[in-house]
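Step one of this worksheet: look at the structure below.
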Amino acid sequence: MSTDRVSAPAYQELADRLREQILSGELQPGDRLPVEPDLCAMYGVSRSTVREALRVLSSERLLITRRGVAGGSFVTRPEPEHISSYLLSSLALFRDSGSVANLLEVRVLLEVPTAGLAAARRTPEQLEALRAALFDPGEIEREDIYTANRRFHKGLLEAANNPLLDAVTAPVFSVLESGFARNEAPDGFWVRVDRDHRDILACVEAGDSLGAERAQREHLEHLRTVYSQIDKERRRTD
């Protein structure tokens with residue numbers, strides 16, 4: 001039996017080497033990579049290998065290709081929405097592996113301090129957006145509840161005024177919210193959610209960071225209990 005290890009494709013090895021240079025800072029945002037013939041000579045690979053490696057890095061939002069006389073492949077400057085989009089895709093698959101409890105724990109770790117920051121940093125416009133996201137479960141259609149719930153949590157993230165925190169936290173919320181607490185939500189669930197949101201908002205309005213963190217923690221612990229129960233019941237029926 002052969003013990004030879006199967007090596008990665010040449011394009012993947014080149015992509016890994018270039019990625020390492022980008023992530024280490026050797027290649028900075030805005031830097032232009034050498035043209036294809038030069039990359040071929042530098043790394044001893046074919047032009048098709050170079051093109052496929054660049055395609056991989058472009059799909060990861062690490063490079064952008066521009067055409068024309070001043071064109072080429074450039075290291076991108078990361079934007080929060082790019083980070084958020086990449087995390088959302090990855091976390092959606094991670095949830096399917098049975099790690100709902102882990103996602104819930106991460107959400108608590110991220111969103112509790114977020115509420116405290118929102119209380120300290122919110123603007124009048126952000127407060128108004130949070131107020132507009134409140135809902136009365138008895139006076140609103142079910143689909144509208146989901147939209148309002150998303151707006152409230154998104155509003156808290158924005159009120160923290162840290163784009164990176166928003167980019168990292170929003171995908172965790174989206175993955176859990178998209179798969180749970182919909183038709184499976186128990187009676188009284190949305191009434192409790194509405195009450196929790198109003199408690200959180202009251203603390204944010206008052207500039208009470210510790211109170212906002214406490215209210216957010218209580219809210220998320222309640223959601224953790226409900227989501228975990230839903231997940232457990234699903235597993236019993238699968």
Side-chain angles (χ1 to χ4, degrees), residues 87-88 91-92 94-120 122 126-127 129-160 162 165-166 168-238:
L87 280 175
L88 179 57
L91 289 173
F94 189 66
R95 182 196 65 195
D96 293 339
S97 68
S99 298
V100 171
N102 292 335
L103 287 170
L104 289 164
E105 184 172 68
V106 169
R107 188 173 173 190
V108 171
L109 291 171
L110 291 171
E111 290 194 58
V112 168
T114 291
L117 290 174
R122 80 289 186 277
Q126 289 165 340
L127 274 178
L130 286 169
R131 294 187 192 104
L134 295 176
F135 57 85
D136 181 344
E139 302 292 334
I140 188 173
E141 295 295 330
R142 180 58 62 93
E143 285 303 320
D144 293 334
I145 286 181
Y146 303 139
T147 300
N149 184 54
R150 283 193 297 270
R151 283 209 315 267
F152 185 85
H153 283 273
K154 178 68 172 173
L156 276 176
L157 289 170
E158 292 175 352
N162 183 329
L165 182 60
D166 188 355
V168 172
T169 307
V172 179
F173 167 78
S174 295
V175 169
L176 288 168
E177 193 269 349
S178 65
F180 295 92
R182 287 182 173 267
N183 294 332
E184 301 157 302
D187 292 342
F189 174 78
W190 290 112
V191 173
R192 169 66 186 269
V193 167
D194 171 55
R195 188 182 73 202
D196 288 352
H197 284 185
R198 293 176 189 276
D199 289 344
I200 295 166
L201 178 56
C203 293
V204 172
E205 285 180 315
D208 180 1
S209 292
L210 290 179
E213 289 184 2
R214 182 174 59 254
Q216 179 75 301
R217 182 180 298 278
E218 291 175 357
H219 175 53
L220 294 176
E221 290 297 343
H222 171 245
L223 295 186
R224 193 208 295 249
T225 300
V226 173
Y227 287 12
S228 296
Q229 184 59 39
I230 290 172
D231 189 48
K232 188 180 301 183
E233 291 175 358
R234 279 182 174 180
R235 293 177 187 283
R236 279 204 297 264
T237 59
D238 285 346

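Worth saying up front: this structure is predicted, and the values here are computed from it rather than measured. These values consider heavy atoms only, across backbone and side chains, with no hydrogens, waters or symmetry-generated copies. Residues: numbered from 1 along the sequence shown.
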Over all heavy atoms of both residues, which pair between H222 and D196 is shortest? Give the atoms and the distance, please. ND1-OD2, 4.4 Å
Fit a plane to each ring of H219 and H153, take the angle between them on a 0 to 90° scale, and name the class: parallel (under 30°), tilted (30 to 60°) or perpendicular (over 60°). parallel
Atom CZ of R217: over 12 foreign heavy atoms under 6.0 Å: no
Carefully, step by step, assess N149 and H197 under the rule side chain to side chain contact (heavy atoms under 4.5 Å, CB included). CA-CA 9 Å; N149 184 54; H197 284 185; 3.1 Å; yes
Look at the side chain of E111 and the backbone N and O of T169, then say whether any donor-acceptor pair between them is shorter than 3.5 Å. no
Would you sort out whether F189 and V226 count as a side chain to side chain contact (heavy atoms under 4.5 Å, CB included), showing the intermediate values? CA-CA 8 Å; F189 174 78; V226 173; 3.9 Å; yes
Mind running side chain to side chain contact (heavy atoms under 4.5 Å, CB included) on F135 and F152 for me, showing each step along the way? CA-CA 10 Å; F135 57 85; F152 185 85; over 6 Å; no
Heavy-atom nearest pair, A212 first then V204, reads CB-CG2, 4.2 Å
Heavy-atom side-chain proximity of L156 to L117 below 4.5 angstrom: no
Between V108 and E221, is any pair of side-chain heavy atoms under 4.5 Å apart? yes
Would you check if V191 and R195 make a side-chain contact, meaning some heavy-atom pair closer than 4.5 Å? no
CZ of R131 to CG of L127: how many Å apart, nearest 0.5 Å? 5.0 Å
Got R198 and L134 here, is their nearest side-chain heavy-atom distance under 4.5 Å? yes
Of all heavy-atom pairs linking G155 and L130, the shortest is C-CD2, 3.7 Å
In Å and rounded to the nearest 0.5 Å, what is the CG to CD distance from L201 to E205? 4.0 Å
Least distance between heavy atoms, Q216 atom then A115 atom: CB-CB, 3.7 Å
What's the separation between atom CG in L109 and atom OG1 in T114, rounded to the nearest 0.5 Å? 10.5 Å
May I ask you to test the L157-F173 pair for a side-chain heavy-atom distance under 4.5 Å? no
R107 side chain near R224 side chain, heavy-atom distance below 4.5 Å: no
Is there a side-chain contact between L104 and Y227 in this structure, where contact means two heavy atoms from C-beta onward sitting under 4.5 Å apart? yes
Got a second to check how far I145's CD1 is from E139's CD, nearest 0.5 Å? 11.0 Å
Please report the closest heavy-atom contact between A133 and A148, naming both atoms and the distance. O-CB, 3.5 Å
Would you say the side chain of V193 lies within less than 4.5 Å of the side chain of L223, judging by non-hydrogen atoms? yes
